[in-house]
Amino acid sequence: MTGTLFSQINPPQRLLMGPGPSNTYPRVLRAMAADMLGQFDPEMTSYMNETMALYRDVFMTKNQWTLLINGTARAAIEAALVSLCEPGNKILIINNGRFGLLLSEISERIGAEIVTLDYPWGEVASLEEIEQAIIKHEPHIFACVHGDTSTTTAQPLDGVGEMCRKYNVYSYVDATATLGAMPVATDQWGIDIISAGLQKSMGGPPGCGLITISDRAADFIFSRAHVELGLQDGTQTQSQRSRIKSNYFDLAMIMNYWSEKRLNHHTEATSMLYAAREAACILLEEGLANCFERHRLATTAISEGARAMGLTLFGHDATRMYNVTGIYIPNHIDGEQIRAEMRNRFEIEIGSAFGPLKGKIWRIGTMGHNARPHKVFHTLMAFETVLRRAGLDITPGKAIDAAFAVYEGK
Ligand SMILES: *Cc1c(COP(=O)(O)O)cnc(C)c1O
């Protein structure tokens, strides 16, 4: 016998209280174990249609084009930008965190002309500032991140999409980290394209992009479709616009695949479709408002627990996300050592940070299946213990009492 034999996969049962991925709902894991179907099987295509309908509710939209992108959340971001942005188009991007930088990085590769609205990490743009920048730069697209896990901060979006439409600008928002945790009000905001993923507050595994596209944006994207439709239906469209610079992420082709035309593109990732469908069912059965409140309470309990231990939170209360909390690492404490102790002694993962916040804050997530009182209590009890053992002067029980007070409404 050649090669190495490995034992069956048997990962430790960690509690993932970082900025994502989070633990997956057991129902989603079970759905993923279901049998494969052929991609044009009527049973499969009806699951695809059901998934579209479910995600319209999750994204709070009537957008027909609400579907999955096979790949991680980043795949959906790239699909949105490469399909909406022609080389040389101007794109205005809010630059206030790690994922705002990603929007610039992707746009640069597309050959867009990039203008950024720059803020320190943890700060947000006002509607007036965005409007002024749109008037000044006249971009083709406005793009930003809703909740950026790197800063634990959520950009307010009320009125933003509507305002963009007034100036004939397409709007794109990355809501990967907030979908399922706090309102992502696509139609109310009037945003053209919003994308997300499953592994944050949707409680699914990583590897699935979610996207919703307005008719207005879809019309523009279809106007960039060139000749490849000839493969199945014999039509040849000739467009004046430049062809979308990606085959895999060509949203015109992907929409045609999800339409009743079922024009062949990729093979839909069957097990991931089951996962996405199940995750949306769980969220909608609970009810959006109940799920958001469960997240808000969990994060408030973590925040109050941290404050009760004398720790300081990063960011502002008014713009805090509902599912991740930034906590400053106190002087003379080794942040990585604390994370290692949390993992090694308690099987709990908490997050470190990137860029200007690297080594300065921890990030504790309360996402999806993990946004529940007992997981919050476990995390705070462990965190308090580990910090005390590292030499912080904390009265035992303070953190947990503060968390109980949040849940008991005191
Ligand atoms: C996690 C995250 C992503 C990246 O998701 P992947 O699934 O790793 O591609 C993008 N944007 C935001 C805001 C995120 O929080």
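Side chains are part of it too, since the values below use all heavy atoms of this structure and drop only hydrogens, waters and symmetry mates. In each ligand, atom 1 is the first atom listed, and ligand 1 is the first ligand listed.
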**Student:** How far is atom 11 (N) of ligand 1 from its nearest protein heavy atom, and which residue and atom name does that atom have?
**Tutor:**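 Protein heavy atom with the smallest distance to atom 11 (N) of ligand 1: Asp174 OD2, 2.6 Å.
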**Student:** Do the side-chain N and O atoms of Thr212 and Asn63 include a donor-acceptor pair separated by under 3.5 angstrom?
**Tutor:**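 A pair is found: one side chain offers a donor N or O, the other an acceptor, under 3.5 Å apart.
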**Student:** Quick one: nearest non-hydrogen protein atom to atom 4 (C) of ligand 1, plus distance?
**Tutor:**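 Atom 4 (C) of ligand 1 sits closest to the protein heavy atom Phe99 CE2, 3.8 Å.
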**Student:** Mark up the atoms of ligand 1 that fall under 4.0 Å of a heavy atom belonging to Val145, in ascending order.
**Tutor:**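 Those of ligand 1 that fall under 4.0 Å from Val145 are 13 (C).
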**Student:** Closer than 4.0 Å to some heavy atom of Ala177 - which atoms of ligand 1 meet that?
**Tutor:**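 Here the atoms of ligand 1 in question are 15 (O).
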**Student:** What I want to check is whether the side chains of Ser195 and Tyr172 have a donor and an acceptor closer together than 3.5 Å.
**Tutor:**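 Note: Ser195 and Tyr172 side chains meet the donor-acceptor criterion.
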**Student:** Who's closest to atom 7 (O) of ligand 1 heavy-atom-wise, of Met321, Arg74, Met367, Gln199?
**Tutor:**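 Going through Met321, Arg74, Met367, Gln199 one by one, Gln199 has the nearest heavy atom to atom 7 (O) of ligand 1.
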**Student:** What do we get for Leu102 next to ligand 1 when only non-hydrogen atoms under 4.0 Å count, side chain, backbone, both or neither?
**Tutor:**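 Neither; nothing of Leu102 gets under 4.0 Å from ligand 1.
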**Student:** Pull out every atom of ligand 1 sitting under 4.0 Å from any heavy atom of Thr149, numbered as shown with elements.
**Tutor:**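 Every atom of ligand 1 under 4.0 Å from some heavy atom of Thr149: 14 (C), 15 (O).
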**Student:** Just let me know how Lys200 lines up against ligand 1, side chain, backbone, both or neither, with a heavy-atom cut-off below 4.0 Å.
**Tutor:**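 Contact part for Lys200 vs ligand 1: side chain (C-beta onward).
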**Student:** Using non-hydrogen atoms of the residue, decide whether Ala75 is closer than 4.0 angstrom to ligand 1.
**Tutor:**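 Heavy atoms of Ala75 never come under 4.0 Å of ligand 1.
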**Student:** What distance separates Glu268 CD from Thr45 OG1, expressed to the nearest 0.5 Å?
**Tutor:**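 One gets 11.5 Å once the value is rounded to the nearest 0.5 Å.
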**Student:** Could you tell me whether the side chains of Asn323 and Thr299 share a donor-acceptor contact shorter than 3.5 Å?
**Tutor:**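 Per modelled atom types, Asn323 and Thr299 side chains form no pair under 3.5 Å.
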**Student:** Check each atom of ligand 1 against the heavy atoms of Thr72 and keep those under 4.0 Å away; list them by number with element.
**Tutor:**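 Within the 4.0 Å cut-off of Thr72, ligand 1 contributes 6 (P), 7 (O), 9 (O).
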**Student:** When you compare the side chains of Gln155 and Asp148, does any donor N or O come within less than 3.5 Å of an acceptor on the partner?
**Tutor:**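 There is no such pair between these side chains.
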**Student:** Hey, do the aromatic rings of Tyr167 and Phe142 have their centres closer than 6.0 Å?
**Tutor:**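 Ring centroids of Tyr167 and Phe142 are no less than 6.0 Å from each other.
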**Student:** What about Phe346 and Phe383, are their ring centers closer than 6.0 Å?
**Tutor:**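 Ring centroids of Phe346 and Phe383 are no less than 6.0 Å from each other.
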**Student:** Quick one: nearest non-hydrogen protein atom to atom 5 (O) of ligand 1, plus distance?
**Tutor:**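 The answer is Ala73 CB, 3.3 Å.
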**Student:** Using a strict cut-off of 4.0 Å, indicate which atoms of ligand 1 neighbour a heavy atom of Gly147.
**Tutor:**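 Under 4.0 Å from Gly147, ligand 1 has these atoms: 13 (C).
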**Student:** Would you call the rings of Phe220 and His140 parallel, tilted or perpendicular, where under 30° means parallel and over 60° means perpendicular?
**Tutor:**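 Answer is tilted, since the angle falls between 30° and 60°.
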